[in-house]
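Report on the structure given below.
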There are 4 protein chains.
Amino acid sequence: MNNITKSAPRYRVEQKEQDILKSASELFAELGFNATSTKKIAQNAGVSEGTVFNYFATKNDLLIAVISEMYAKLTEDAESGISKYSHTIERIQFLAENHVRGTAGNKALLLRLIYVYMNTDLHIFEHLETTALYKLNHEYTKIFDGVILEGVRHQEIRDDINLSAIRDLFFGGLEYAMRTLMLKNKMGNIEKYVSDVVEPLWDSIQIKLSQSEGPEFKDKLDDVLKRLESVTDKLNQRD
Amino acid sequence: MNNITKSAPRYRVEQKEQDILKSASELFAELGFNATSTKKIAQNAGVSEGTVFNYFATKNDLLIAVISEMYAKLTEDAESGISKYSHTIERIQFLAENHVRGTAGNKALLLRLIYVYMNTDLHIFEHLETTALYKLNHEYTKIFDGVILEGVRHQEIRDDINLSAIRDLFFGGLEYAMRTLMLKNKMGNIEKYVSDVVEPLWDSIQIKLSQSEGPEFKDKLDDVLKRLESVTDKLNQRD
Amino acid sequence: MNNITKSAPRYRVEQKEQDILKSASELFAELGFNATSTKKIAQNAGVSEGTVFNYFATKNDLLIAVISEMYAKLTEDAESGISKYSHTIERIQFLAENHVRGTAGNKALLLRLIYVYMNTDLHIFEHLETTALYKLNHEYTKIFDGVILEGVRHQEIRDDINLSAIRDLFFGGLEYAMRTLMLKNKMGNIEKYVSDVVEPLWDSIQIKLSQSEGPEFKDKLDDVLKRLESVTDKLNQRD
Amino acid sequence: MNNITKSAPRYRVEQKEQDILKSASELFAELGFNATSTKKIAQNAGVSEGTVFNYFATKNDLLIAVISEMYAKLTEDAESGISKYSHTIERIQFLAENHVRGTAGNKALLLRLIYVYMNTDLHIFEHLETTALYKLNHEYTKIFDGVILEGVRHQEIRDDINLSAIRDLFFGGLEYAMRTLMLKNKMGNIEKYVSDVVEPLWDSIQIKLSQSEGPEFKDKLDDVLKRLESVTDKLNQRD
DNA sequence: AATGAATGAGTCTTCATTCAT
DNA sequence: AATGAATGAAGACTCATTCAT
């Protein structure tokens, strides 16, 4: 019961936990949560059914663990990735690709499952776990928010945008697009499609050199014109 | 044996079918497909379990019927609605509101389920039915495409847009936004949020009246300012 | 309510009853009793499910009616058939063929069902009906018994046979043979196979005219007789 | 972890499988396959319904296991039994008794079910399993064939018999006879009835030493020959 | 810590039978 | 007499979870 005798099994334990997690992740992605039995998870992981429940009290706990793991990876990759870019548009494009790649890839449509079970099915997430997942989700989307806000600060992005709406368009658009890609089995061409979706979004939020005059510009112009006319009038009267 | 005596049972039959459809629709939305037992559907509809299967051969058939019905209503409302508007932005805003209202409302998150099961879970829609659902979906989204393309023809929308990407942003953004709204229980304020999402999208695809002026506009303005200053100077010198 | 007004519908009624009987007969033969639903019977007969139960109170009653009908035909054909033959072996061969033809044919393996349900399944025949069916069966097998006994009386068949055992061999052998034929899809060649089965049976019960004469025996006897005659001739010549 | 601690649960496992098999065997025999619910089987075996399905994937698998077990016993007993007899008629009589005893007994009419379901009901045996059952059946009936063929070789049985027909008469006759016995509740007197059925069959296939010539006939013939020879001798002597 | 046999509630579906029209 | 919608009990089978070893 000392550290040494424990460390070996401990390692094996963690290995086994990872095996189960991986097994569940694969099966949930392939078959969906409901169609994946704990028996299949155990078999696919090479352990007994009982062992699965030694590591995860319930099947739901296992789902939450799978989702958490995915968020952790998604978040980590996102954070380390944006640090390599300085221009906002590059960062956004990177986040988009990372999102699609992490969501699709060998995990297939797992992320979809997250939202489904999060929001609709079975009220699985009615309790404490919900909070945990929301935190994970919030932490992840916060990165996007940060990129946008920094873009505003750097005057690459307009300061009058509705961040919440932009965020919804970004993630919603990407996931919808991903679905489109998957149905057409064109997952190979991610970059192109991702940039197709990001482009209009970027177009609507960036500060365009000669585009951004906005209403006050018009007012100013009107003002100028009015003043010019009034001055002209005066001059004419004088003369 | 005349029309009247026959119409009575006929009516009741159709009524019962509607009851079951409504019951299933509500429960699928509230609990999810898997967590909704046929027993619950029967009870909620006020019929026996056997009766459910007299109208719908399997639970899947019932799901498909629910989805079809929703698409039918969505499509019909969309088509009749856009005919009342002539400006493209109004049409888009209408389609967005219609989509959210039809998708949410008492149907709650059902539409989400559609896509989820369509794409991920259990391969429920692996067979012929899939085709039917795709047709319904295609018919529905075609309306959006039509509005956009007509906007292009009327020179309200740029002709260099990527329709597929715009479509994904539109539907994906709206659904993601809807989720946000639901989680915050702010479904009352649909119009505001919908327009928040539609705005950036519209901003990126519309042809801006005073936007395209480019450098010669700036020159003109500079010219005006110069003249204004020169005039002012002259006046000042006079006084 | 008089005879005339009744006769037309009465006829139709009987027609409908026959349709249901025929439908059930076909389906029981093809699918088995349990796998045949009353709904299928109704559809196959071109009537509504309710109508089936107007004519036959339960599904079991219908089974009994089907069986009775088959026995009736079997018995009738057997009786009228044997009257055309006078030799016992011909009569037996006829009865055998009639049995196989009536049991198999488009009724497929229905007769098997009879015995199954009669003896094993569900105790379907525990009550009064049993008696009725036994009577039918008894009436039918009595014909075979009669042929055998008459054969005995005509000194075509030994008088020390065990009729009960012969009867079991006859019907059991035929049905087992029929099964063999059906499994090999050789139902076309009924006559040959039937005579193959009947022959050993006949061989064991018939009275052989000069029972002992194998061919070589006859030759020997002829030889003896010839020699005897030649000796006699010689003797006569001497004297 | 040693053999002993492991053997205990192993033993219990096999015991439970046997319990379920026995339970199913009894109930199939008593009620028939269709009328025996898996719930009843479980209760009768003293296990939960789920446990039944832990050992046998489907109810059909269970049926097949029951039948296989019966064939195994039947075949084993038959093989070991015939080795104790050298005369063909004794072997046949033994096979017959073994068949009836193994088929009837506490298994009641199970064997009948085999053939019934094999051939008629529900097409239960349409797939691979059929093959397995046919093999078992073939293996079993091969023993009978072997006994007959050896009888032919030993010149106890005629070499011009139709084996297939004899086999059908043997098994068909026995089973039909068994039914007769059961209906009359005379199962106690198996030996007598079995020999009643076997006798005519044997009578038709055996080689009769001097085929049926009553002794006095032979004597008479010998007498004639002797006298003939004596006369001939006398005549020769004269010449 | 690992196992896997055991559980039994729960699932979808079928079907003989009834009865209002 | 004919219909066919409605019933609800019963069926085979699944599965997350427990627990003795």
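Every heavy atom of this structure was used, including side-chain atoms; hydrogens, water molecules and symmetry mates were not. Reminder, nothing fancy here: chain letters follow the sequence lines and each chain counts from 1.
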>> Counting only side-chain heavy atoms from C-beta out, which of F:dA6, E:dT14, F:dC13 sits nearest to B:Phe53?
In response: E:dT14
>> Which residues pass the side chain to side chain contact (heavy atoms under 4.5 Å, CB included) test with D:Ser48, not counting sequence neighbours?
In response: D:Thr51
> Mapping C:Thr58 and D:Gly46 onto DNA chain E by nearest heavy atom, which one lands closer to the 5' end?
Replying inline: D:Gly46
> Expressed in angstrom and rounded to an integer, what is the separation of B:Gln43 atom CD from F:dT7 atom P?
Replying inline: 12 Å
>> Could you tell me how far apart A:Ile20 (CD1) and F:dT17 (P) are, to the nearest whole angstrom?
In response: 14 Å
>> Please report the distance, rounded to the nearest Å, between CZ in B:Phe33 and P in E:dT11.
In response: 13 Å
> Rounded to the nearest 0.5 Å, what separation is found between the CG atom of A:Leu31 and the CG atom of A:Asn34?
Replying inline: 11.0 Å
> What's the shortest heavy-atom distance between A:Leu63 and A:Phe33, and which atoms?
Replying inline: CB-CE1, 3.5 Å
> Taking CD1 from A:Ile41 and C1' from F:dT14, how many angstroms apart are they, rounded to a whole number?
Replying inline: 15 Å
>> In this structure, how many angstroms lie between the P atom of F:dA2 and the CG atom of C:Asp19, rounded?
In response: 11 Å
> In whole Å, what is the span from the CD atom of D:Gln18 to the P atom of E:dA5?
Replying inline: 16 Å
> Closest approach of A:Asp61 and A:Ala57, non-hydrogen atoms and distance?
Replying inline: OD2-CB, 3.5 Å
>> Nearest to the A:Tyr55 side chain among E:dT3, E:dA1, F:dA2, which nucleotide is it?
In response: E:dA1
>> The criterion is side-chain hydrogen bond (donor to acceptor under 3.5 Å, both in side chains); which residues satisfy it with D:Asp19, sequence neighbours excluded?
In response: D:Gln15
Dump the pairs, protein N or O against N or O of nucleotides 8-11 of chain F, anything under 3.5 Å, distances to one decimal.
| from | atom 1 | to | atom 2 | distance (Å) |
| --- | --- | --- | --- | --- |
| F:dG8 | N7 | B:Gly50 | N | 3.4 |

>> Between C1' on E:dT11 and CG on B:Asn60, what's the gap in Å once rounded to a whole number?
In response: 13 Å
> Is there side-chain contact between C:Leu21 and C:Phe56, with at least one heavy-atom pair below 4.5 Å?
Replying inline: yes
>> Dot-bracket for DNA chain E, please. Rules: Watson-Crick or G-U, both distances under 3.5 Å, ( ) within the strand, [ ] when a pair crosses earlier ones, | for another strand, . otherwise.
In response: .||||||||||||||||||||
>> So for B:Asn54 and F:dA5, does any side-chain atom that can act as donor or acceptor lie under 3.5 Å from a complementary atom in the base?
In response: no
> Rounded to whole angstroms, how far apart are CG on C:Leu31 and C1' on E:dT14?
Replying inline: 15 Å
>> Test of understanding: with side chain to side chain contact (heavy atoms under 4.5 Å, CB included), list the residues that count as partners of D:Ser23, not counting sequence neighbours.
In response: D:Leu27, D:Ile41, D:Asn44, D:Ala45
>> To check you understand the geometry: which heavy-atom pair defines the closest contact between B:Lys40 and B:Ala35, and what is its length?
In response: NZ-O, 3.1 Å
>> Holding to side chain to side chain contact (heavy atoms under 4.5 Å, CB included), I want the full list of residues that pass it with A:Lys22, two or more places apart in sequence or in another chain.
In response: A:Glu26
